Amino acid sequence: MMKGIVQTGFGKPGRVLRIGEVDIPAVADDGVLVRVRAASIHIGAVYGVRGLPRVMRPMFKAFIAENGVIGQNMAGIVEAVGPDVAGVALGDEVFGSCKGAFAEYAAAASEAVAPKPANLTFEQASAVGVSAFTALQGLRTHGKLRAGQHVLVTGASGGVGTFAVQIAKAMGADVTGVCSTRNLDLVRSIGADHVIDYTQEDFTQGEAGYDLILDNVGTHSLKDMRGVLAADGLLLANGAPSPTGWFGGLGHPLKVSLASLVSRQQGRPFLSTENEEDLIRLHDLAATGKITPVIDKVFPFNEAIEAITAVGEGHNQGTSVITM
């Protein structure tokens, strides 16, 4: 048996989560068992606990492990290896994704983990998860970002934003980050060429023609956002106000997509997927110092439910992490 964060329904974390004793997950023939040292919390995990928007509840349930444990991204030490696994050995320090990461042990597919970069702590490595995949695939795959282009990142101090600023710089872009006053120095320190304090300045009233906007917030109107795009620019809608009800939060990216049908300026929502190729790419970016995960707070395991609640309240600097 082991300890894990178990979800019993949908609602506020304090009501539907508990620290419980559960079975250690079985290891598949092509999988590994990881002794979890740290696990990161992304905002999607909070939505999954709340079950909002309601239309996505079947998908949220699919991310819960068979033993009821939640969590998706972790880093730790390999404790067992399936007979069909090659390239991963007992004692290896790894990071990656799985179901049931918020526990003492987690089972993962062998291709879903990679060697932990030696220059990262377990806490930092666990943060290279959903947010990092979202930033990488948004900029590279969906945004087709090229060196020399001008990129605007809203929510630049958050989980996705801190990775996006660093990845865009690594790709040779000129990067503008939007954040609050207290985060200006942080966003500059991770490589932003320009920083806009949204409490003092509305970036949508400027005249800059951005080639790509990665919008992680979704609080500005589509009309205003398109006003600062280049004539053939692209708006990627990754954020929206906190979801409520059945469809809350999904309307904004849909509007962005529909408006693109009648304009040269394109806009679209997108979903990131965790895959082996991009996991290795993120490993290489971290190992060479091109990205360094920004950790907001580190919580001990017995405060995990409070940690998930805190992430749901917003305004994180980077990513919060639970240690085992």
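Keep in mind the model is a prediction, meaning the values are calculated, not measured. Residue numbers count from 1 along this sequence.
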**Prompt:** Which ILVMFWY residues can you reach from Val298 by hopping between side chains whose heavy atoms are under 4.5 Å apart?
**Reply:** Ile295, Val321
For the backbone of [Y] and the side chain of [X], can you confirm whether one donor and one acceptor N or O come within less than 3.5 Å of each other?
| X | Y | result |
| --- | --- | --- |
| Asp92 | Ala89 | yes |
| Gln137 | Thr134 | no |
| Lys223 | Gly227 | no |

Cluster check [X], [Y]: I/L/V/M/F/W/Y, side chain < 4.5 angstrom:
| X | Y | answer |
| --- | --- | --- |
| Phe122 | Phe301 | no |
| Leu222 | Val228 | yes |
| Val130 | Leu282 | no |
| Val94 | Ile280 | no |
| Ile64 | Ile305 | yes |

If we only count heavy atoms from C-beta on, is the [X] to [Y] side-chain gap below 4.5 Å?
| X | Y | answer |
| --- | --- | --- |
| Ile167 | Met171 | yes |
| Val55 | Arg57 | no |
| Leu17 | Ile70 | yes |
| Glu111 | Asn275 | no |
| Val195 | Thr176 | no |
| Phe60 | Phe10 | yes |
| Pro115 | Phe95 | no |
| Phe299 | Thr323 | no |

Listed partners of [X] passing salt bridge (Lys or Arg N to Asp or Glu O under 4.0 Å), at least two apart:
| X | answer |
| --- | --- |
| Lys3 | none |
| Asp193 | Lys169 |
| Asp185 | Arg188 |
| Asp211 | none |

**Message:** Please enumerate all residues that pass side-chain contact (heavy atoms from CB on, under 4.5 Å) together with Ala173, with sequence neighbours excluded.
**Reply:**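 Checked Ala173 against side-chain contact (heavy atoms from CB on, under 4.5 Å); matches are Leu145, Val151, Ala168, Val175.
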**Prompt:** Among all residues two or more places apart in sequence or in another chain, which pass the side-chain contact (heavy atoms from CB on, under 4.5 Å) test with Lys290?
**Reply:**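 By the side-chain contact (heavy atoms from CB on, under 4.5 Å) rule, Lys290 matches Ala170, Leu285, Thr288.
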Would you compute the distance between atom [atom1] of [X] and atom [atom2] of [Y] and round it to the nearest 0.5 angstrom?
| X | Y | atom1 | atom2 | value |
| --- | --- | --- | --- | --- |
| Thr319 | Gln124 | OG1 | CD | 11.0 Å |
| Ile213 | Leu235 | CD1 | CG | 6.0 Å |
| Ile291 | Arg281 | CD1 | CZ | 9.0 Å |
| Thr204 | Ile196 | OG1 | CD1 | 9.5 Å |
| Phe133 | Asp278 | CZ | CG | 6.0 Å |
| Leu236 | Leu214 | CG | CG | 6.0 Å |

Nearest heavy-atom neighbours spanning [X] and [Y]:
| X | Y | answer |
| --- | --- | --- |
| Val294 | Ile190 | CG2-CG2, 4.0 Å |
| Pro293 | Leu120 | CD-CD2, 3.9 Å |
| Met74 | Cys98 | CG-SG, 3.9 Å |
| Val187 | Cys179 | CG2-SG, 3.7 Å |
| Val153 | Ala164 | CG1-CB, 4.1 Å |
| Val69 | Gly4 | CG2-CA, 4.2 Å |

**Asked** If you measure only the distance, is there a donor-acceptor pair under 3.5 Å linking the side chains of Thr199 and Thr181?
**Response** yes
**Message:** For residues 164-217, which residue pairs pass the ring pair (Phe, Tyr, Trp, His ring centres under 6.0 Å) check, not counting sequence neighbours?
**Reply:**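 Only Phe203-His220 qualify under ring pair (Phe, Tyr, Trp, His ring centres under 6.0 Å).
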**Message:** Quick check on Arg140: does its CZ atom have over 12 non-hydrogen neighbours (other residues, nucleotides or ligands) under 6.0 Å away?
**Reply:** yes
**Item:** CZ (Arg182) with more than 12 external heavy atoms under 6.0 Å
**Value:** yes
**Asked** Pairs in or reaching into residues 61-80: which pass side-chain hydrogen bond (donor to acceptor under 3.5 Å, both in side chains), with residues at least two apart or in two chains?
**Response** His42-Gln72, Gln72-Glu274, Asn73-Glu274
**Request:** For residues 148-164, pull every pair meeting side-chain hydrogen bond (donor to acceptor under 3.5 Å, both in side chains), keeping only residues two or more places apart or in separate chains.
**Result:**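 Checked against side-chain hydrogen bond (donor to acceptor under 3.5 Å, both in side chains) - neighbours excluded - the pairs reaching residues 148-164 are His150-Asp174, Thr154-Asp215, Ser157-Asn183.
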**Message:** For Leu212 and Leu152: C-alpha separation, side-chain torsions, deciding distance, then whether side-chain contact (heavy atoms from CB on, under 4.5 Å) applies.
**Reply:** CA-CA 6 Å; Leu212 175 64; Leu152 179 82; over 6 Å; no
**Message:** Working note: Ile308 + Glu306, criterion side-chain contact (heavy atoms from CB on, under 4.5 Å); need CA distance, chi angles, decisive distance, verdict.
**Reply:** CA-CA 6 Å; Ile308 295 166; Glu306 291 86 343; over 6 Å; no
List the atom pairs, with distances to 0.1 Å, where a side-chain N or O of residues 18-40 and a protein N or O form a donor-acceptor pair under 3.5 Å, not counting sequence neighbours.
residue	atom	partner	partner atom	Å
Arg35	NH1	Glu104	O	3.3
Ser40	OG	Ser126	O	2.7

**Prompt:** Among pairs that include at least one residue of residues 292-304, which meet salt bridge (charged side-chain N to carboxylate O under 4.0 Å, His left out), considering only residues two or more places apart or in two chains?
**Reply:**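 As it turns out, there is no salt bridge (charged side-chain N to carboxylate O under 4.0 Å, His left out) pair with a partner in residues 292-304 once direct neighbours are skipped.
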